[in-house]
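Notes for the one structure printed next.
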Amino acid sequence: MNNVMAIYRKEVGAYFKSPMAYIFLVFFALFNGYFFSNTFFLFGQSDMRALFNITPMIYLIFVPAVTMGVLAREKSAGTNELMATLPIKNFELVIGKYLSAFTLVLAGLGFTLIHFFSLLAVGTNIDYGGVICGYLGLALVGAFYAAIGTFTSSLTDNQVVAFILAAVFVLGFYLLDKLLIFVPAALAGPIQFMAVDYHLSNMSRGVVDSRNLVYFGSLIWLFLVLTVRVIDMRKWR
Amino acid sequence: MIRVENLEKYYGDIHALKGIDFEIDDGEIVGFLGANGAGKSTTLKIMTGFLAPSAGNVFIDDLNIQDHSLDIREQIGYLPEMNPLYGEMRVYDYLEFTSQIRGLDAGEFKTALDRVVGQCGLRDVIHLPISACSKGYKQRVGLSAAILHDPKVLIFDEPVSGLDPNQIVEIRNLIRELGQQKMVIISSHILQEIEATVDRIVIIDHGEIVANGTSQELMAGFMGRTQLTLDVKYANEESLAALTNSVDEIEVANIEAVNGRSVLSIEYAREEDPREAIFDYAKNSGWAILEMTQNQVHLEDVFRGLTGEGGRDE
């Protein structure tokens with residue numbers, strides 16, 4: 001655990017010493033703010049569903065951008081040799097790196113709280129449970145996408161390639177339930193269950209089902225385990 | 001003690017290491033010498049756990065790298081060839097991070113920091129970002145991170161590469177100091193550096209060890225007989241022909257006439273020194289000695305002889 005925390009602190013420090021983190025966060029906040037404010041004042045409803053619909057789409061670019069360098073940068077700079085020869089287990093390295101990327105995603109999500117405070121200021125009959133569940137859903141989607149991005153970042157030493165791979169993966173999970181009309185009825189159920197939107201929409205409505213938590217938890221675990229395996233295999237090249 | 005046993009490594013079809021065997025005792029500095037692509041760095045990367053061997057093993061006392069990689073990594077301080085560092089971190093932060101991974105508590109870190117800052121001369125740059133440091137200071141930062149936890153084994157891959165002469169002397173002295181208590185392995189393709197720093201030299205070529213010994217042993221083994229060049233005037237044919245029989249234990253390998261002079265190549269056993277007898281013979285024969293040079297064998301000659309050339313690209 002000490003190693004995880006040491007790596008986590010180092011990585012978070014590196015994020016916030018680089019201008020890229022601030023650029024990502026500013027763009028994330030601007031895009032969310034623009035799309036949320038447009039519909040918020042148009043419909044005059046005291047809910048944040050607009051945000052919960054917009055943010056997963058912005059995540060499609062934001063999270064891969066945050067995670068693209070997580071492991072790819074180490075490999076291109078050669079510092080993976082330092083890490084691999086320190087007494088660190090590979091899973092400690094992956095967890096520390098992953099948590100730091102997830103922290104940046106949460107920081108981005110934190111910026112959207114300004115919209116919640118706007119809602120508190122001007123709205124009535126606010127469904128606090130729905131807002132909390134919606135944020136939990138966004139946090140879980142962010143965590144899931146960060147796990148995918150961490151995995152794709154382990155596959156290459158090129159950050160652009162890592163970004164594109166992650167964007168393709170997260171887009172795939174995002175679009176799965178939009179493709180249901182093209183698949184046989186027998187496969188529709190399992191494919192729908194694999195879609196991110198299916199689970200997120202439940203949570204955005206204020207419903208937290210254990211299946212949603214199992215879905216996010218198991219896929220995060222899967223991609224992190226795959227990342228550890230990729231790093232394990234590097235020494236056998 | 002470190003024991004490297006029958007280490008083999010394949011990169012696809014390329015047989016990079018073909019059964020490397022050697023041992024290193026406590027308090028010994030061993031130099032790993034070889035041309036680019038000979039297998040030095042691969043051997044070191046396997047010893048540090050960065051690469052897995054295709055066959056063979058590395059032992060440090062009772063631990064081996066295949067089964068106890070983490071324990072072995074705790075006992076090793078490693079400076080990789082390109083000295084990769086986190087440029088955005090301050091020197092202090094990087095050393096603190098290393099100490100945390102090495103399991104030092106705050107008090108131990110403070111003591112270790114004072115020690116390595118003194119040994120490596122980092123006082124002026126300790127609060128600077130690593131990216132703002134000169135190449136020499138970056139090399140010292142890498143070294144200080146490698147020795148921070150006072151490891152039993154130190155492995156330095158090209159530690160003086162790119163340093164200026166003053167920095168090379170400083171780093172060499174530091175390595176010698178460290179080598180008094182620890183096992184130190186230095187890889188280099190700079191022969192003079194290896195010769196000046198280490199107790200023993202291992203020469204590797206095409207993935208095989210071709211020599212292992214002190215520089216004197218290697219030079220003695222490479223050239224069994226000493227060569228002497230004698231440049232004289234006024235030497236007639238009879239006196240030149242009689243030289244071999246007149247001085248014990250020598251053999252005149254060649255006589256060359258150059259502008260009225262005679263240049264002789266004389267060979268004799270390494271343990272013999274017939275120069276005084278040759279001088280007396282020359283004097284008695286009426287020769288004027290213009291030059292008498294006992295040819296020295298340099299490590300470079302040994303290296304070139306064993307590896308076939310000065311170096312080759314990977």
Side-chain angles (χ1 to χ4, degrees), chain A residues 1-24 69-97 99-101 104 154 157 159 228-237, chain B residues 9-12 14 16 41-42 44-54 65-66 68-90 93-94 96-105 109 129-131 141-142 145-146 148-149 151 153 155 157:
Chain A
M1 198 59 192
N2 282 346
N3 287 347
V4 172
M5 288 313 296
I7 292 164
Y8 171 77
R9 280 193 295 267
K10 180 183 88 61
E11 291 299 313
V12 170
Y15 269 129
F16 287 99
K17 277 175 195 156
S18 135
M20 290 308 286
Y22 297 100
I23 293 168
F24 290 158
V70 162
L71 289 158
R73 193 175 52 229
E74 294 266 2
K75 209 173 163 194
S76 62
T79 46
N80 63 322
E81 188 169 357
L82 282 181
M83 284 293 181
T85 53
L86 285 171
I88 302 171
K89 295 185 177 84
N90 286 342
F91 83 84
E92 293 173 328
L93 174 71
V94 170
I95 298 291
K97 293 265 183 183
L99 288 178
S100 67
L104 198 64
S154 72
D157 58 358
Q159 295 190 48
V228 173
R229 289 285 164 270
V230 170
I231 295 176
D232 285 343
M233 281 163 55
R234 278 182 188 168
K235 67 189 296 188
W236 293 100
R237 69 181 181 269
Chain B
K9 181 70 182 175
Y10 283 90
Y11 293 114
I14 299 169
S41 290
T42 299
L44 300 188
K45 285 178 199 298
I46 291 173
M47 292 176 76
T48 55
F50 183 58
L51 291 178
S54 305
I65 197 76
Q66 302 267 33
H68 315 101
S69 173
L70 216 58
D71 297 318
I72 283 192
R73 280 184 265 162
E74 280 174 4
Q75 298 192 28
I76 288 179
Y78 177 44
L79 177 70
E81 183 177 4
M82 302 307 289
N83 188 24
L85 294 165
Y86 296 99
E88 75 280 1
M89 296 181 89
R90 292 184 309 152
D93 294 336
Y94 176 59
E96 186 181 38
F97 165 71
T98 305
S99 80
Q100 288 166 349
I101 296 293
R102 292 292 185 186
L104 306 186
D105 63 30
F109 170 57
I130 293 173
S131 58
V141 172
L148 190 69
H149 59 299
V153 180
I155 297 178
D157 199 351

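Quick note: numbers below take in every heavy atom, side chains included, and nothing from hydrogens, waters or symmetry partners. In this text the structure is predicted, and so the values were computed from the model without any measurement. Residue numbers start from 1 in every chain, and the chains themselves are labelled A, B, ... in the order their sequence lines are given, proteins ahead of strands.
- If you measure heavy-atom distances from A:R9 to chain B, the contacts under 4.5 Å come from the side chain alone.
- Residue contact with chain A, scored on non-hydrogen atoms closer than 4.5 Å, involves the backbone of B:P53 exclusively.
- For A:A77, the part lying under 4.5 angstrom from a heavy atom of chain B is the backbone only.
- Only the side chain of B:Y11 has a heavy atom closer than 4.5 Å to any heavy atom of chain A.
- For a residue to count as touching a neighbouring chain, one of its non-hydrogen atoms must lie under 4.5 Å from one of that chain's; by this rule A:N3 touches chain B with backbone and side chain alike.
- The residue among B:T48, B:D71, B:I72, B:L51 with the most heavy atom pairs within less than 4.5 Å of chain A is B:L51.
- Neither the backbone nor the side chain of B:S54 has a heavy atom closer than 4.5 Å to any heavy atom of chain A.
- Residue B:D105 places its CG atom among more than 12 non-hydrogen atoms of other residues, nucleotides or ligands, all under 6.0 Å distant.
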Exercise. Between A:E81 and B:K45, does a side-chain contact (heavy atoms from CB on, under 4.5 Å) hold up when you go through it step by step?
Worked result: CA-CA 9 Å; A:E81 188 169 357; B:K45 285 178 199 298; 3.0 Å; yes
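- Pairing each heavy atom of A:T79 with each of B:P84, the nearest pair is N-CB, 3.7 Å.
- Looking at residues two or more places apart in sequence or on another chain, you find a side-chain hydrogen bond (donor to acceptor under 3.5 Å, both in side chains) between B:R90 and B:D93, B:H127.
- Geometrically, A:K10 engages B:Y86 in a cation-pi contact defined by less than 6.0 Å to the ring centre and at most 45° from the axis.
- To the nearest 0.5 Å, atom OG1 of residue B:T98 and atom CG of residue A:L82 are 8.0 Å apart.
- Heavy atoms closer than 4.5 Å to chain A are found in the backbone of B:Y10, but not in its side chain.
- For chain B, no part of A:E92 is nearby; none of its heavy atoms comes within less than 4.5 Å.
- With chain B as the partner, the residue from A:K89, A:R73, A:E74, A:R234 showing the most heavy-atom pairs under 4.5 Å is A:E74.
- Residues A:A84 and B:R73 come closest through the heavy atom pair O-NH1, 3.1 Å.
- Atoms CZ and CG, on B:R102 and A:L86 in that order, are 5.0 Å from each other to the nearest 0.5 Å.
- When every heavy atom of B:I101 is checked against every heavy atom of A:I7, the shortest pair comes out as CD1-CG1, 4.2 Å.
- Once rounded to the nearest 0.5 Å, the distance linking CD of B:Q100 with CE of A:M5 reads 9.5 Å.
- When B:G49, B:P80, B:G77 are compared by the number of non-hydrogen pairs under 4.5 Å with chain A, B:P80 comes out ahead.
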